[in-house]
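Following: one structure in structure tokens, then a few remarks.
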Amino acid sequence: MMKYDLLLINGTIITVDDENRVIPDGYIAVKNQCIAAIGEMKELQGVSDAERVMDMQGHAILPGLIDAHGHGGHCLIRTLGEHYDAQWDAMAEHIYYFCVDEDFWYNEAMLAASERIKFGTTTAVSMIGSTPRVDSIEAVEANLAGSAEVGIRQFSGIGFADGPWPKTARQYKKDGSFVDVKVSLEDAAAVTEASVKELRGKYPRATAIVAPGRMGRRPEMNDEENIFQNKAMARIAGDYGVPLHTHAFGGDVKFMHETSPEVLTPAISLSHSTGYSDEEMDILKETGAFVIHGPTTYSNVMGHCKVVEMLERGINLAVVTDGTAPDRSYDLWRDMKNVQLLQRYRKKDNGFIPCGLALRLVTIEPAKLLGIDYMTGSLEVGKKADIITVNVMQPHLAPFKVMPIQRLVYHAMGQDVDNVIIEGEIVMENRVLTRIDESKIFAEAEKSFDLMLQRLGRKDVLENPNLYSLNQYE
Ligand SMILES: [Zn+2]
């Protein structure tokens, strides 16, 4: 008989496999980082033969969630300037280009990975900065190293930032002194390529990808420069076989299709994706390019991403947090509800985005987007053991006898996840991270936050005149 490394028993298993199988009283066995067996309790033999048995009575067992878009750095600028709207991007860029050092990227990555794991996210994507910081590979490396320390499966990337070029970036040394360096378009391409080349596979479960701030037709550039950028980013991603990850808006897809059609493949994912025409949606369907939808983003508030129409056309789509600044959380459970609520509101119909679909949009669909659906995104024999458990013996979830997926999607939140397993390793047990001391992460993050604020020197980003006003609408 095969001796399992880990055996979870007596749980309600939600597989998210092709048949969307739910096993009300089931077990799942882990061997050599992978799922070795899965089935009904009555089929299980040899419980005592496992290295470790976890009794999951009163728990739901699901695949780890996949958050296919967020921003490295944002956990340390959360809420800052949330009253700025149009000026927020410039503030974030200034912070990321002039006020932060390597420790900032590392400490923020630890905080972000901890937050994500504690909400049940086992695979995460981060673009480094708001529009990416692209003067050196150090920020990406620090982000990957900090993430790897916590144990999450991490994809982090840089690429062309928003113009104008050349850009200036302030590089701090350990003693606090700094030099300002100029970054040209050519430098940015070279640094992007170097980051993928040098950091691919350097840290366990963490890898570098290509992630420019926007692709398509950036308004601040001429067509020639845009075509150069789009082709350069796709060329690097293609050469190294990594995902190509970016923001895009109405007009961008058509422009890429007309000027560099080779860019649009299932390996590219386009965040926001608001304002697309019917023609652009046809192009997305035809090419398999992925749409990334963050329901609570400013872009969605303003532009209303046509999620329902895209799904009806068969366009590839994943739901993401786009966390965490200024006003968002890494809790993907919120976004499962938000995408339902906002699309139902937009379409004036309560039937859209059923719960099973909402769950697939944060598990198997983003796994496909990252090209890792062969190894994660669902609970199936042979896949990596990326597993989360939810305690359902709580007032808002019990009794947990019927409609388990609906109960979880409508009622559960990130804090209900109590165990997280990545590649067979328990990285959170009973809501305590196993690899690192959380209080140390908070202390280091606070140091980096204080230093960043001191370098920024602008108290106005903390001051919102409407915050304590009861008379905002008078
Ligand atoms: Zn974003």
Side-chain angles (χ1 to χ4, degrees), residues 66-82 84-97 105 108-109 112 115-116 121 123-134 139-140 143 147 154-163 192 209-216 218-219 229 233 243-250 252-253 268-276 289-305 307 317-332 334-335 338-339 342 361-362 366 369-370:
I66 298 179
D67 186 5
H69 183 68
H71 291 262
H74 275 21
C75 289
L76 288 180
I77 68 163
R78 260 191 280 248
T79 68
L80 300 193
E82 59 94 20
Y84 278 177
D85 288 344
Q87 308 150 53
W88 186 88
D89 284 324
M91 179 205 80
E93 180 170 336
H94 178 80
I95 290 174
Y96 291 141
Y97 270 77
W105 298 111
E108 192 277 342
E115 176 180 348
R116 280 170 146 164
T121 295
T123 298
V125 179
S126 303
M127 178 180 289
I128 302 304
S130 190
T131 183
R133 171 136 180 197
V134 73
V140 189
N143 183 277
S147 305
Q154 178 72 29
F155 293 76
S156 305
I158 51 170
F160 289 119
D162 294 349
T192 300
I209 62 170
V210 177
R214 179 171 177 180
M215 283 176 64
R218 292 171 181 275
Q229 283 203 31
M233 294 292 98
L244 176 54
H245 185 81
T246 191
H247 300 106
F249 303 90
D252 288 337
V253 168
I268 192 172
S269 43
L270 307 167
S271 180
H272 295 316
S273 288
T274 54
Y276 290 156
F290 267 86
V291 164
I292 310 173
H293 172 62
T296 63
T297 56
Y298 179 69
S299 294
N300 191 44
V301 170
M302 303 306 285
H304 298 188
C305 181
V307 172
L317 185 142
V319 166
V320 300
T321 63
D322 204 348
T324 56
D327 55 0
R328 300 190 281 277
S329 157
Y330 272 141
D331 185 350
L332 264 174
R334 291 193 196 190
D335 291 296
N338 286 329
V339 69
L342 294 174
L361 295 177
V362 297
L369 175 156
L370 293 166

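Just follow the structure's listing: the first ligand is 1, and inside any ligand the first atom is 1. In this text, all values refer to a predicted model and were calculated from it rather than measured experimentally.
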key: Backbone N/O of Arg214 and side chain of His247: donor-acceptor pair under 3.5 Å   = no
ask   = Judged by atom type as modelled, is there a donor-acceptor pair below 3.5 Å linking the side chain of Thr131 to the main-chain atoms of Asp162?
value = yes
query = Nearest to the Zn ion (ligand 1), which N, O or S atom of Asp322 do we find?
reply = OD1
query = Is the Zn ion (ligand 1) under 2.8 Å from any N, O or S atom of His69?
reply = yes
inquiry  = Quick check against the 3.5 Å criterion: does Asn300 have a side-chain atom that pairs as donor or acceptor with the backbone of Pro295?
reply    = yes
note = Output field for angle at the Zn ion (ligand 1), His247.NE2 vs His71.NE2, rounded to 10°, should show 100°
key: N/O donor-acceptor pair under 3.5 Å between Glu115 side chain and Tyr330 backbone   = yes
